[in-house]
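A short worksheet on the structure shown next.
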Amino acid sequence: MKQSRRHFLRSVSLLAAGTAVPLNAFAFGKKEKLKIVLVGTGIRGTSFWGRRLVDQYSDILEFVGLSDINPGRLEYARGYIGVKCPVFVDFDEMLSVTKPDLVIVTTKDSTHHEFIIKGLKAGCDVLTEKPLTIDEDKAQDIIDAEERYGKNLIVGFNYRWSPYVTKIKELLMQNSIGELRSVDFHWYLNTYHGASYFRRWHGLRQDSGTLWVHKATHHFDLLNWWIDSDPAEVFAFGDLEFYGENGSFRGDKCRTCPHKSECKFFWDITKSKRLMDLYVKNEKYDGYIRDSCLYRREINIYDKMSAQVKYENNVVLNYSLTTYSPYEGWRVAFNGTEGRIEAWLDIPYMSKMNVDQAEMHAREMEQTGKEVAEFEPVIVHKLWEDYKTVEVPIERSGHGGGDRRLQDKIFLHPDQKDPYDRAAGLRDGVMSILIGIAARKSIESGEPVQIAELTTMQPRKKRII
Ligand SMILES: NC(=O)c1ccc[n+]([C@@H]2O[C@H](COP(=O)([O-])OP(=O)(O)OC[C@H]3O[C@@H](n4cnc5c(N)ncnc54)[C@H](O)[C@@H]3O)[C@@H](O)[C@H]2O)c1
C-alpha cells in the first residue's frame with residue numbers, strides 16, 4: 001500500500017537509523033504529496049532519483065524544484081525527469097522559494113556536506129547519495145548539524161538491498177559459522193567501469209576523496225553491516241601505477257584525441273544521445289568534460305588499494321580494490337569459529353555466465369528491472385563437514401536489484417520491519433567513509449590510524465542500529 005506525506009515523514013525518522021528525533025512535520029501532515037527538491041542533476045540524479053521517482057511514486061510525491069550549477073544540464077534534466085517544477089542555479093533560493101519536505105543530494109561528492117547541512121538547517125529531511133562526504137572535518141560538520149537542527153538524514157546505501165548480499169547477512173545472523181573472526185574482501189573494477197572513474201571528477205581527490213571513499217564506502221558499509229561492529233583501526237597501502245601520469249601518451253579528451261587508434265581506452269561518447277545531451281551539450285557552462293583523458297597528469301587518486309581493518313569486536317578484515325581488472329566482480333570469505341562462508345559475484349571462471357564486460361556494466365546501471373532468472377551460489381563450509389551450496393536468486397539491473405528495493409522501502413513500505421536492518425542513516429554513512437579516510441591517512445603517514453580519533457562519533461563493539 002502506498003503512503004501519504006505524513007506517513008512518509010514519520011518513516012524518514014525510522015529509516016534514519018541511529019537518530020531518535022521527533023519530526024515536527026507530523027503535526028501538519030495531511031493528505032498532500034511529499035514535496036521534494038533535488039540538487040545535482042547529473043546521471044544519477046536525473047535517472048534513479050529523478051525519472052524513476054516520477055515513474056514509480058508520483059501519487060505520493062512531487063518535485064517542487066531542481067538545482068544544479070549548470071543551467072543547461074538543469075533545463076535538460078527537467079525534460080528528462082518529466083517534471084514542470086522551477087529550476088534553480090541557486091540552491092538557497094530553491095530552499096526558500098519551494099519549502100520542501102525532503103532534499104535529495106546527488107551532486108559530486110565533495111559538495112554533499114554543503115547541501116546536507118543547508119537542508120537540515122532549513123528544517124528539511126535529507127536523503128543523500130553515497131558517500132556521505134569526503135573527509136573527517138566535513139563529516140563532523142554533518143554530525144553536528146543533524147544534532148543541532150533535529151532533522152533526519154538517510155544515506156542511499158543501495159548495495160545492502162540486493163538479494164545476494166542480504167543472503168550473506170542472513171547466514172551470518174544465523175551464526176552458521178559460529179563466531180566471526182576474520183573477513184577477506186576483494187573487489188575488482190574492470191577496464192570499463194574502473195576506467196570511467198578516471199575520466200572525470202572522480203579522478204581528483206579534492207572532488208571524490210579518492211576511490212577509498214567514493215567507491216569503497218559501498219564496500220565498507222556492507223562490511224560494517226555484515227560484521228555488525230564498528231571499525232577501530234586501519235592500516236593501508238595504495239598507489240597510482242596505471243592511469244594518470246603513467247600513460248605513455250595522453251590527449252585532452254577522447255573526442256579530439258590524436259591517439260584514438262592506439263589507445264585501448266578510447267571511448268566514443270558521441271554514440272550516446274543521453275550522454276551528449278546531459279554532458280557534452282552543456283560543457284560550455286562549466287567546462288565539465290565527461291570523456292577526459294584517463295592519462296591526464298592531474299589525476300591524484302589511487303588505482304590500487306589494500307587495507308587491513310581491525311573492528312571493535314576484534315574481527316580482522318583484509319580488503320583490496322583493483323581498478324583495471326579484465327573482469328568486474330568480487331569475492332568475500334568469512335572465517336568463523338565453526339566454519340567458513342565463501343561468496344563471489346561475476347568471477348567469469350567460477351560461473352556459467354558469459355556476458356561481455358561492457359554489456360555487464362550497462363546492465364548494472366540499467367533501471368527497468370527486466371531480468372532473466374539467474375542463481376548464484378554462497379558456500380557454507382562447516383568445520384569437519386562437507387560444504388553446502390546455497391543457491392541465491394540474483395538480479396543484475398540497478399546494482400543487483402538493490403536500487404529499486406531501497407526506494408520501495410523508503411517510499412512504499414517504510415514501516416515494515418526489516419529483519420536485516422538495511423536502512424542506513426548518519427552513523428552508517430560516517431562509519432563507512434571513516435575507513436577510507438583512515439586508509440588515506442595511513443598511506444600518507446605509514447602508520448595505523450584510529451577511527452576514534454577522526455570525529456566525535458565513537459566506534460562501538462556492536463553496531464548501533
Ligand atoms: N549509489 C550508487 O550506486 C551511485 C551510483 C552513481 C552515482 N552515485 C552518487 O551520485 C552522485 C552523483 O554522481 P553522478 O554520477 O550523477 O555524477 P555527475 O557528474 O553525472 O553529476 C553530478 C552533478 O552535480 C552537479 N554539481 C557539481 N557541483 C555542484 C554544486 N556545487 N552545486 C550544484 N550542483 C553541482 C554537476 O553539475 C552535475 O550535474 C555522486 O555522489 C555519486 O557518488 C551513487
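The first residue in the sequence is number 1, and the count goes up from there. No experiment lies behind these values; they were computed from the predicted model shown. All ligand and atom numbering here is 1-based and tracks the order in the structure.
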(request) Below 4.0 angstrom from a heavy atom of Thr41, which ligand 1 atoms are there? Numbered from 1 as shown, please. (result) 39 (O)
(request) Hey, could you give me the CG/CH2 distance between Leu172 and Trp226, rounded to the nearest 0.5 Å? (result) 8.5 Å
(request) Compute the shortest N/O to N/O distance between Tyr159 and ligand 1 and return yes if it is under 3.5 Å, no if not. (result) no
(request) Report yes if some N/O of Ser67 lies less than 3.5 Å from some N/O of ligand 1; otherwise report no. (result) no
(request) Could you say whether the N/O atoms of Glu129 and ligand 1 ever approach to under 3.5 Å? (result) yes
(message) Looking at Asp403 and Arg52, is any side-chain nitrogen of the basic one under 4.0 Å from a carboxylate oxygen of the acidic one?
(response) no
(message) Parallel, tilted or perpendicular, judged at 30° and 60°: which one describes the rings of Phe198 and Tyr243?
(response) parallel
(message) Does the residue Trp201 have a heavy-atom contact with ligand 1, meaning some pair of atoms that are separated by less than 4.0 Å?
(response) yes
(message) Check this for me - ligand 1, His112, N or O atoms closer than 3.5 angstrom, yes or no?
(response) yes
(request) Using distance alone, with no hydrogens and no angle criterion, decide if Asp68 and Thr41 have a side-chain donor and acceptor under 3.5 Å apart. (result) yes
(request) Could you say whether the N/O atoms of His202 and ligand 1 ever approach to under 3.5 Å? (result) no
(request) Check Thr111 against ligand 1 and report side chain, backbone, both or neither, counting heavy atoms closer than 4.0 Å. (result) side chain
(message) Looking at Asp184, is its backbone amide N or carbonyl O close enough to the side chain of Asn318 to form a donor-acceptor pair, meaning the two atoms are under 3.5 Å apart?
(response) no
(request) Could you tell me whether Glu114 approaches ligand 1 through its side chain, its backbone, both or neither, with non-hydrogen atoms closer than 4.0 Å? (result) neither
(message) Side chains of Arg440 and Tyr302 only: does a donor on one sit below 3.5 Å from an acceptor on the other?
(response) no
(message) Please check: side-chain N/O of Asp221 versus main-chain N/O of Thr217, any donor-acceptor pairing under 3.5 Å?
(response) no
(message) Distance under 4.0 Å to a non-hydrogen atom of His399: what atoms of ligand 1 satisfy this?
(response) 3 (O)
(request) Under 4.0 Å, heavy atoms only, figure out whether ligand 1 is touched by the backbone of Tyr288, its side chain, both or neither. (result) side chain
(message) Using a 4.0 Å heavy-atom cut-off, which part of Arg44 comes near ligand 1: side chain, backbone, both, or neither?
(response) both
(request) Taking only heavy atoms of Lys108 into account, list the atoms of ligand 1 that are under 4.0 Å away from them. (result) 24 (O)
(request) Between Phe91 and ligand 1, find which residue part has any heavy-atom pair under 4.0 Å and reply side chain, backbone, both or neither. (result) neither
(request) Give a yes or no on whether the backbone of Leu275 and the side-chain of Ser272 come within a donor-acceptor separation of less than 3.5 Å. (result) yes
(message) Side chain, backbone, both or neither: which applies to Asn158 and ligand 1 if a contact is any heavy-atom pair less than 4.0 Å apart?
(response) side chain
(request) Would you tell me whether Asp303 and Tyr197 have side-chain atoms, one donor and one acceptor, within less than 3.5 Å of each other? (result) no
(request) Taking only heavy atoms of Gly40 into account, list the atoms of ligand 1 that are under 4.0 Å away from them. (result) 24 (O)
(message) Please determine whether salt bridge (Lys or Arg N to Asp or Glu O under 4.0 Å) holds for the pair Asp421 and Arg463, giving the CA-CA distance in whole Å, both sets of side-chain angles, and the decisive distance to 0.1 Å.
(response) CA-CA 11 Å; Asp421 292 316; Arg463 252 179 77 249; over 6 Å; no
(request) Measure up the Trp187 and Tyr159 rings against each other and bin them: parallel (under 30°), tilted (30 to 60°), perpendicular (over 60°). (result) parallel
(request) Ignoring hydrogens, just give me the one of His218, Arg73, Lys130 whose non-hydrogen atom is nearest atom 43 (O) of ligand 1. (result) Lys130
(message) Geometry only, no angles: is Ile43 polar-contacting ligand 1 at N/O separations under 3.5 Å?
(response) yes
(message) With heavy-atom distances below 4.0 Å as the criterion, list the atoms of ligand 1 near Tyr279.
(response) 18 (P), 20 (O)
(message) Heavy-atom distances under 4.0 Å decide this one: backbone, side chain, both or neither, for Phe157 against ligand 1?
(response) neither
(request) Kindly confirm or rule out an N or O of Asp403 lying under 3.5 angstrom from an N or O of ligand 1. (result) no
(message) At less than 4.0 angstrom from any non-hydrogen atom of Pro131, what atoms of ligand 1 do you find?
(response) 43 (O)
(message) Below 30° counts as parallel, above 60° as perpendicular, anything between as tilted: where do the rings of Tyr319 and Trp212 land?
(response) tilted
(message) Under 6.0 Å from the ring centre and within 45 degrees of the ring axis: does the NZ or CZ of Arg274 meet both conditions for the six-membered ring of Tyr80?
(response) yes
